[in-house]
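These values consider heavy atoms only, across backbone and side chains, with no hydrogens, waters or symmetry-generated copies. We number each residue from 1, following the sequence as shown. Both ligands and their constituent atoms are indexed starting at 1 by order of listing.
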Amino acid sequence: MTDAPWRRAARGALLLDADGVARPTIFAEMSALAAATGALNLGQGFPDEDGPTELLETARDAIASGVNQYPPGLGMPVLREAIARHQQRFYDLEVDPDREVLVTAGATEALAATLLAFVEAGDEVVTLEPVYDSYAAVIALAGGRHVPVPLAAPDFRPDPEALRAAVTDRTRIILLNTPHNPTGAMLDAGLLDLAIELAHRHDALVVTDEVYEHLVFDGRVHVPAATRPGAHGRVITISSAGKTFSTTGWKIGWLTAAPTLRDAVLAVKQFLTYVNGAPFQPAVARGLDLPDAFFRDAAATLEGKRDLLSAGLRDAGFAVSRPSGSYFVIADAAPLGVHDAEEFCRRLPALAGVVGIPLTAFVHPDRRGPYRSLVRFAFCKRVEVLREAADRLAAIRV
Ligand code: PMP
Ligand code: GLN
């Protein structure tokens, strides 16, 4: 078989090993390690409890009442309308449910379809690194060039000058993520304004991944790029039900964008999955219409879990970041005498019965130096699991 360009690029992005065999994602690898060892899985970011009963009941009712065939290609009207109401209620954004919304198979498909729609071979995509693994993968599949802006510990905020330097006329997409996985950092309005200004200047698009939009702490307010001046026609906003409603296995995501942008993504999306998740779509619509108190409580509960795990990690001797949002906290194992978090994470199930993910998994091998001793732990787990994990970590002797 000839070596297709995407295979070469995918090897470069470490999706394939030297023999062209697909590597498991870091999340799959670490969840398998947790399952094999019986360790507490603070690796892959998924909750270990169900979300609101209203959603679960609506999905069950939908299956029982025959909502089991292909939904419309754009997504069911009931969900597109709920997405538009959600953008209005939380962000005062006017979104046309028929022309400006697309339902996707999770945020993952929204990201993939968007990158495949706009990135031509050789085009550059600017991201914030450490970076969510699917971004580098799909940039490679599209034949694009990945241009990362580094985020430095402990607060992981991008340097505006580094963003300015990264964006050029070769840039097609500035791909931002706020709140950010893996670091939990949030982007402020000034940085979003700069991204939009640069997108105008260089004829690029700003794509924002906002899957943790409701999971923010310490009274912080999530700012969608779409609310900023100059956003119209330049910004594509991506989100998902998975994190907000603890339904990561349902894979219902969406994007909102001006009609021409939405239609360009639809052209690709219809040949990726075509559609997905019919009975889950009315259920997520129900979720998006839940009262404000649900969203407030979800964030407050998760903030308590962040504090619980962070305190446990600190007591165990780690230096701990303070994430403003997301499911994740970054712990520096250097004070424990650990300088290779990859090796440490491989030993952690045996050492402590806990799984975490080395931050280097989110960084290209050429740039891993500053992140060597850092570990990402997920705190979207039951309180008793977090307590047990903290106790076990406190007992380790490296
Ligand atoms: N983007 C980020 C930043 C994520 O953390 C995740 C999943 N954890 C996704 C996208 C994918 O979302 P989904 O499961 O809806 O495809
Ligand atoms: N987004 C989840 C995480 O960051 C994992 C999703 C996946 O396994 N692809 O842990």
Side-chain angles (χ1 to χ4, degrees), residues 15 22-35 41-48 51 55 75 79 83 102-115 127-139 151 156 175-187 207-216 222 224-225 236-255 269 272-273 276-277 280-281 283-284 287-288 302 323-330 345 355-363 375-381:
L15 306 184
R23 285 168 189 263
T25 72
I26 185 69
F27 309 117
E29 184 185 335
M30 289 300 179
S31 283
L33 186 61
N41 187 357
L42 307 190
Q44 192 174 29
F46 64 89
D48 56 358
L55 274 81
L79 177 53
I83 291 165
L102 178 62
V103 175
T104 56
T108 306
E109 190 196 31
L111 287 157
T114 300
L115 289 165
T127 72
L128 307 176
E129 188 180 63
V131 67
Y132 183 60
D133 67 339
S134 85
Y135 300 5
V138 182
I139 293 167
L151 303 179
F156 301 104
L175 176 50
L176 303 176
N177 172 211
T178 181
H180 182 257
N181 178 6
T183 69
M186 287 171 71
L187 300 179
V207 176
T208 55
D209 174 346
E210 305 183 12
V211 302
Y212 299 100
E213 62 188 310
H214 288 293
L215 305 179
V216 304
H222 169 69
I236 297 179
T237 307
I238 292 174
S239 195
S240 168
K243 314 295 153 145
T244 303
F245 302 116
S246 302
T247 52
T248 61
W250 287 9
K251 297 300 289 190
I252 300 294
W254 54 87
L255 63 82
K269 181 261 184 301
L272 292 178
T273 55
N276 76 298
F280 302 126
Q281 294 196 18
V284 170
L288 290 170
L302 197 62
S324 302
S326 86
Y327 277 172
F328 310 109
V329 60
I330 305 299
C345 286
V355 165
I357 294 192
L359 204 66
T360 50
F362 303 88
V363 182
V375 181
R376 187 194 83 168
F377 289 104
F379 49 79
C380 51
K381 307 289 172 178

Inset, instruction - Record the part of F328 in heavy-atom contact with ligand 2 below 4.0 Å; permitted values are side chain, backbone, both and neither. - result: side chain

Inset, instruction - Report yes or no: does K243 have a heavy atom closer than 4.0 Å to ligand 1? - result: yes

Legend entry - Those atoms of ligand 1 less than 4.0 Å from some heavy atom in N177: 3 (C)

Legend entry - Stepwise side-chain contact (heavy atoms from CB on, under 4.5 Å) test for M186 and V216: CA-CA 9 Å; M186 287 171 71; V216 304; 3.7 Å; yes

Inset, instruction - Please state whether T25 comes within less than 4.0 angstrom of ligand 2, counting heavy atoms only. - result: no

Inset, instruction - Indicate yes or no: at least one non-hydrogen side-chain atom of S326 is less than 4.5 angstrom from one of N181. - result: no

Inset, instruction - State whether the shortest distance between N or O atoms of Y212 and N or O atoms of ligand 2 falls below 3.5 angstrom. - result: no

Inset, instruction - Could you pull out, from Y132, W250, W254, the option with a heavy atom nearest to atom 4 (C) of ligand 1? - result: Y132

Legend entry - 4.0 Å heavy-atom contact, Y212 with ligand 1: yes

Legend entry - Short side-chain to backbone donor-acceptor contact, E213 and S240, under 3.5 Å: no

Inset, instruction - May I ask whether M30 has any heavy atom positioned less than 4.0 angstrom from an atom of ligand 2? - result: no

Legend entry - From CD1 (I83) to OG (S239), nearest 0.5 Å: 9.0 Å

Inset, instruction - Run down the list G45, A107, G106 and name the one with the heavy atom closest to atom 12 (O) of ligand 1. - result: A107

Inset, instruction - Around atom 7 (C) of ligand 2, find the nearest protein heavy atom and jot down its residue, atom name and distance. - result: F27 CD1, 3.5 Å

Inset, instruction - Check each heavy atom of T108 against ligand 1 and say whether those closer than 4.0 Å belong to the side chain, the backbone, both or neither. - result: both

Legend entry - Inter-residue atom distance L102.CG - K269.NZ, 0.5 Å rounding: 6.0 Å

Inset, instruction - State the CG-CG distance between L128 and L176, to the nearest 0.5 angstrom. - result: 5.5 Å

Inset, instruction - Look at atom 4 (O) of ligand 2 and find which of I26, T108, I357, N181 reaches it with the closest heavy atom. - result: N181

Legend entry - Distance in Å, T104 OG1 paired with K251 NZ, rounded so as to fall on 0.5 Å steps: 9.0 Å

Inset, instruction - Evaluate the side-chain proximity of C345 to V355: yes if any heavy-atom separation is below 4.5 Å, no if none is. - result: no

Inset, instruction - Could you check whether the rings of F362 and F27 sit parallel, tilted or perpendicular, using 30° and 60° as the cut-offs? - result: tilted

Legend entry - Taking atom 15 (O) of ligand 1 as the reference point, the nearest protein heavy atom with its distance: S240 OG, 2.6 Å

Legend entry - Proximity to ligand 2 by part of E29, non-hydrogen separation under 4.0 Å: neither

Legend entry - Atoms in ligand 1 with a heavy atom of N181 nearer than 4.0 Å: 3 (C), 4 (C), 5 (O)

Legend entry - Taking atom 14 (O) of ligand 1 as the reference point, the nearest protein heavy atom with its distance: K251 NZ, 3.1 Å

Inset, instruction - For Q44, counting its heavy atoms only, list the atoms of ligand 2 lying under 4.0 Å from any of them. - result: 5 (C), 7 (C), 8 (O), 10 (O)

Inset, instruction - May I ask you to check if ligand 1 and T248 share an N or O to N or O distance below 3.5 Å? - result: no

Inset, instruction - Kindly confirm or rule out a cation-pi arrangement of K381 over Y327, judged by NZ or CZ under 6.0 Å from the six-membered ring centre and within 45° of its axis? - result: no

Inset, instruction - Measure the distance from atom 2 (C) of ligand 1 to every protein heavy atom, then report the residue, atom name and distance (to 0.1 Å) of the closest one. - result: D209 OD2, 3.3 Å

Legend entry - Distance (rounded to the nearest 0.5 Å) between L302 CG and K243 NZ: 11.5 Å

Legend entry - Test of proximity, G45 against ligand 2: N or O pairs below 3.5 Å: yes

Inset, instruction - Would you give the length of the straight line joining atom CD of E109 to atom OG1 of T114, rounded to the nearest 0.5 angstrom? - result: 9.5 Å

Legend entry - is_close_aromatic(F328, F379), centroid dist under 6.0 Å: no

Inset, instruction - Check Y132 against ligand 2 and report side chain, backbone, both or neither, counting heavy atoms closer than 4.0 Å. - result: side chain

